[in-house]
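Notes for the one structure printed next.
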Number of protein chains: 2
Amino acid sequence: MSEEKRITYQTIRRLPGYYTLLKRLEQQGQQSVSAKAIAALTSQTEIQVRKDLASVSQGGKPRTGFEVRELIAAIGSVLGYNNINDAVLVGVGHLGRALLCYEGFDEYGLNIVAGFDHDPDLSGIRVGGKPVLPLEKLDSFCRRTSTHIGIITVPAAHAQNVCDRMVQNGILAIWNFAPVHLEVPSDILVEHENIATSLSLLSQNLARKMRGETP
Amino acid sequence: MSEEKRITYQTIRRLPGYYTLLKRLEQQGQQSVSAKAIAALTSQTEIQVRKDLASVSQGGKPRTGFEVRELIAAIGSVLGYNNINDAVLVGVGHLGRALLCYEGFDEYGLNIVAGFDHDPDLSGIRVGGKPVLPLEKLDSFCRRTSTHIGIITVPAAHAQNVCDRMVQNGILAIWNFAPVHLEVPSDILVEHENIATSLSLLSQNLARKMRGETP
DNA sequence: TAGATTGTTAATCGATTAACAATC
DNA sequence: TAGATTGTTAATCGATTAACAATC
């Protein structure tokens, strides 16, 4: 029934932004919204928004626009927010703690089930309601539970090692916060969250601005 | 003397990755490196790397490749890592703390000078060696010191308010971690760090993989 | 010299923008 | 009906890939 539309990489990058906005509009009781309005609220062009929505939605209605709830469901379905995925996190430092405590992940279909750290002082405690286990238990834990996502928040020097162990024990997708490139088999997904990248874009643009150049 | 080469947005996004790698190679005592080697260590194509490096470097030498130190200096200069920028951070929750404690920012030219929070229990304490001040002092602090970068780690509901105050007090570039779109004057830079975006890319790809589709 | 590697120019690919027809 | 809005097809733009000449 529903056509298999090809959704481009760039569109997928923008969808979470629309999703966040639509959720807010829904809460405010708004029932429908036009591409023009979404564009204004996300600083994009109207045409861009229309094209993006066309690739996920069942369609809007001339004059009234798109149904907010339908859009939320459609984007959520494309982005996989509906089927919750379990994840393990390795490296319970500051960043690891922040992620363990973050409450918004369920909304995006992510459920961190446990944290791991090689510091024995940490094992046994709970952070954000999640148990922290010794690193030795990572392997058996991954195998026993059907966990497919691994989050790496260890220092750069240990990241590849942790990554290898995850892959050996059935992890299929890795969210890497360590500032290092990971080598993985070609069928394993890696999403590198590089805090330095966006910072670089910012400071590079700022420097250019200070010099009085045009963007 | 040095030609003003136009560096594309996509190239700038990849430069931090090369930079991290080159720093490691430098530490290991390596003096020169070929585009081919960099490509292998960052999972990119050789041509891509060559093109990227061509837009920042003084040039490499056939047979030997590029000088590691020269590349580091060139990329650092383009990305603005050399001139340190002061920044203020608002919202000393888990994520705010993690950023205040992160030691690697100097390397990227960022220096967080203080954190701000509206919780009176936090004011006066130090996090990561940085003072935490009451939110009321944000305005005067920004004016007094010549701070141009603002980091927002408050809940979504307060982000626009904090943003407005920053802009009013001379902040030129904003690094936003709150999951909300910020409205700013056109001359203010905003870099939106959306943790949900990369997570979405990951889970979307994972879901597709589970269904046995090709990427 | 021969060969590896750079750097540049041309070809392809993908994404954005523009134009316009369809529709409530 | 008139007008706002969607959706699609074509044109433009930018980035990647390929091909090949230049050089140490």
Separation of atom [atom1] in [X] from atom [atom2] in [N], rounded to whole Å:
X	N	atom1	atom2	value
Glu67(A)	dC24(C)	CD	P	15 Å
Glu46(B)	dC20(D)	CD	C1'	14 Å
Lys61(A)	dG7(D)	NZ	P	12 Å
Leu53(B)	dT6(C)	CG	C1'	11 Å

**Asked** Is there a donor-acceptor pair under 3.5 Å between the side chain of Ser43(B) and the backbone N or O of Ala39(B)?
**Response**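 Pair absent, no side-chain N/O of Ser43(B) close to backbone of Ala39(B).
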**Message:** Treating Asn161(B) as the side-chain partner and Arg165(B) as the backbone partner, does any N or O pair qualify as donor plus acceptor under 3.5 Å?
**Reply:**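 No, the answer is negative, given that no donor and acceptor are paired below the 3.5 Å cut-off.
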**Request:** Kindly assign one of parallel, tilted or perpendicular to the pair Tyr19(A) and Tyr81(A), based on the angle between their ring planes and the thresholds 30° and 60°.
**Result:**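 Plane angle over 60°, so perpendicular.
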**Aromatic plane relationship, Phe105(B) with Tyr102(B) - under 30° parallel, 30 to 60° tilted, over 60° perpendicular** =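 Tyr102(B) vs Phe105(B) ring planes: perpendicular.
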Quick one: which protein N/O atoms are closer than 3.5 Å to N/O atoms of nucleotides 12-19 of chain D? Pair and distance per line, please.
residue	atom	partner	partner atom	Å
dT16(D)	OP1	Arg14(B)	NH1	2.8
dT16(D)	OP2	Arg14(B)	NH2	3.1
dT17(D)	O4	Lys51(B)	NZ	3.3

**Test item: side-chain donor near acceptor, Gln48(A) and Arg14(A), under 3.5 Å** =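 Yes, because at least one side-chain N or O of Gln48(A) sits under 3.5 Å from a partner of the opposite role on Arg14(A).
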**Asked** Are His181(B) and Gln44(A) close enough that some pair of their side-chain heavy atoms sits under 4.5 Å apart?
**Response**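 In short, these two side chains do not touch, never coming nearer than 4.5 Å.
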**Prompt:** So what's dT23(D) paired with, Watson-Crick or G-U wobble, going by both distances under 3.5 Å?
**Reply:**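 The answer is dA4(C), by the H-bond criterion.
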**Message:** For dT17(C), give the paired nucleotide (Watson-Crick: N1-N3 plus N6-O4 or O6-N4; G-U: N1-O2 and O6-N3; both under 3.5 Å), or none.
**Reply:**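 Because both required distances fall under 3.5 Å, dT17(C) counts as paired with dA10(D).
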**Request:** Among the candidates dT6(D), dG3(C), dG7(C), find the nucleotide nearest to the side-chain atoms of Arg63(B).
**Result:**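 Of the candidates, dG3(C) comes closest.
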